[in-house]
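When a ligand or atom number is given, it counts from 1 through the structure's own listing order. This is a predicted model, so every value here is computed, not measured.
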Amino acid sequence: MSERVESVILQCDGVTVDFDGFKAVQGMDLTLTRGELRFLIGPNGAGKTTMLDVICGKVKPASGKVMLRGGVDITRKREHQIAELGIGRKFQTPSIFPSLTVYDNLEIAMKQNRSVFAALRAKLRSGETDRLAAQLEMVGLQGKADWRAGGLSHGEKQWLEIGMMLLQEPEILLLDEPVAGMTDRETEKTGELLQHIRKTQSIVVVEHDMEFVRSFASKVTVMHEGRLLKEGSMEEVQRDDRVAEVYLGKRRDADASRSTA
Ligand SMILES: Nc1ncnc2c1ncn2[C@@H]1O[C@H](COP(=O)(O)OP(=O)(O)OP(=O)(O)O)[C@@H](O)[C@H]1O
């Protein structure tokens, strides 16, 4: 009986966010299980980014609860506490150090896990060197370890930042439009990377690129005007008339021109 309960890693119940009287999110529920790659979609202004902001502690809800691993109430915790508890957030613009090498960026990310004293000593232990090398390979940058991060392509910068997040060992990754501005090939590689990451971590992705969502989503949550509109497989979501009306319908033409199917 407890198996399903234990597999829940994040639970948002009745989250409402009030920006000076404007309810950006209204009574939103979201349950994420371990190893899930969840896509959060919906038209502009639906409240998707605000939900990520609530989960990572950047925005405090007026009401509702956010629970981590069943028993840890993170609703009122500060951003850094939530990060320490295992929730990593990646924003649209990469926050990397452009003048440092790819390797140095990863090394700095890894050291953030240490106590100040340990960080000051600044030498990676051998296990850490291995982990860093494995991370470089996982994000496909093993051939560019010595490159200045600022010289990477847009897609590569995003992967570097994902690699930096992963070195801090979050249990949940929150990604806001990770493939925005990427080439088709980069988008494909990002999808593969997310599939790989979900073997060990859970991921919530806010996304507008429907082709990408179709290719990589198993479960999709649709928001509209701050509320949960529909949740299910991409097929179920696409079949829903209300979704078609408020969201997919508006994009059908654009999608049709992108899709080869
Ligand atoms: N700090 C803020 N103060 C006031 N209103 C805000 C604030 N942040 C967001 N909003 C409003 O809340 C609503 C939800 O915004 P949010 O960014 O969460 O939507 P979204 O679904 O992520 O949209 P998009 O896909 O366009 O990024 C929008 O109407 C937005 O203008």
S.K.: Under the criterion side chain to side chain contact (heavy atoms under 4.5 Å, CB included), which of L52, D176, I162 is the partner of K90?
M.R.: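 Of L52, D176, I162, side chain to side chain contact (heavy atoms under 4.5 Å, CB included) with K90 is met by I162 alone.
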
S.K.: Please check atom 16 (P) of ligand 1 for a protein heavy-atom neighbour under 4.0 Å.
M.R.: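 Protein heavy atoms within 4.0 Å of atom 16 (P) of ligand 1 - there is at least one.
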
S.K.: Please lay out, stage by stage, how E171 and S202 fare under the test side chain to side chain donor-acceptor pair (under 3.5 Å).
M.R.: CA-CA 6 Å; E171 281 189 80; S202 313; over 6 Å; no

S.K.: Hey, which of T101, L106, V102 is the one that makes side chain to side chain contact (heavy atoms under 4.5 Å, CB included) with D104?
M.R.: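 Only one option passes, and that is T101.
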
S.K.: Identify, for atom 28 (C) of ligand 1, the protein heavy atom at the shortest distance, and state residue, atom and that distance.
M.R.: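 Nearest protein contact, heavy atoms only, for atom 28 (C) of ligand 1 is G45 CA, 3.9 Å.
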
S.K.: Run the contact test for M51 against ligand 1 with a 4.0 Å cut-off on heavy atoms, strictly below, and give the result.
M.R.: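 Judged by the 4.0 Å heavy-atom criterion, M51 does not count as contacting ligand 1.
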
S.K.: Does an N or O anywhere in A24 fall below 3.5 Å from an N or O of ligand 1?
M.R.: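 The answer is no, given that A24 and ligand 1 share no N or O pair closer than 3.5 Å.
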
S.K.: Quick one: look up the protein heavy atom nearest atom 21 (O) of ligand 1 and list residue, atom name and how far away it is.
M.R.: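 Here the nearest protein heavy atom works out to K48 NZ, 2.7 Å.
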
S.K.: Are any of the N/O atoms on N44, whether in the backbone or the side chain, positioned under 3.5 angstrom from an N/O atom of ligand 1?
M.R.: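 For ligand 1, there is an N or O atom that lies under 3.5 Å from one belonging to N44.
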
S.K.: For atom 11 (C) of ligand 1, find the nearest protein heavy atom and state the residue, atom name and distance (0.1 Å precision).
M.R.: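 For this ligand atom, the closest protein heavy atom is F22 CE2, 3.8 Å.
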
S.K.: For G47, state whether at least one heavy atom is located under 4.0 Å from any atom of ligand 1.
M.R.: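 So G47 counts as touching ligand 1.
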
S.K.: When you measure from the side chain of R38 to the backbone of V204, do you find a donor-acceptor pair of N or O atoms at a distance under 3.5 Å?
M.R.: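 The answer is no, because no donor-acceptor pair under 3.5 Å joins these two groups.
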
S.K.: Check the surroundings of atom CZ in R76: do more than 12 heavy atoms from other residues, nucleotides or ligands lie under 6.0 Å from it?
M.R.: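 It does: R76 CZ has more than 12 such atoms within range.
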
S.K.: Can we call the ring centroids of F39 and F212 under 6.0 Å apart?
M.R.: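 Yes.
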
S.K.: To check your reading of the model: name the closest protein heavy atom to atom 6 (C) of ligand 1, its residue, and the distance in Å.
M.R.: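 I find the closest protein heavy atom is F19 CD1, 3.3 Å.
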
S.K.: Would you call L85 and K77 a side-chain contact if the rule is heavy atoms closer than 4.5 Å?
M.R.: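 They are in contact (side-chain heavy atoms under 4.5 Å apart), so the answer is yes.
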
S.K.: Could you tell me, atom by atom, which parts of ligand 1 come under 4.0 Å of a heavy atom of A46?
M.R.: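 Matching atoms, with element in brackets: 19 (O), 20 (P), 21 (O).
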
S.K.: Taking the minimum heavy-atom distance to atom 27 (O) of ligand 1, which of L40, V17, T50, T49 ranks first?
M.R.: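 The option holding the nearest heavy atom is T49.
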
S.K.: Step through the shown structure and confirm whether more than 12 heavy atoms of other residues, nucleotides or ligands are within 6.0 Å of CG on D73.
M.R.: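 Buried by this count: over 12 neighbours within 6.0 Å.
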
S.K.: Is there a protein heavy atom at a distance of less than 4.0 Å from atom 2 (C) of ligand 1?
M.R.: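 Under the 4.0 Å cut-off, atom 2 (C) of ligand 1 does have protein heavy-atom neighbours.
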
S.K.: Using every non-hydrogen atom in the two residues, find where I172 and L68 come nearest and quote the distance to one decimal.
M.R.: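 That would be CD1-CD1, 3.6 Å.
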
S.K.: Counting only heavy atoms closer than 4.0 Å, does ligand 1 sit against the backbone of H208, its side chain, both, or neither?
M.R.: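 Answer for H208: side chain.
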
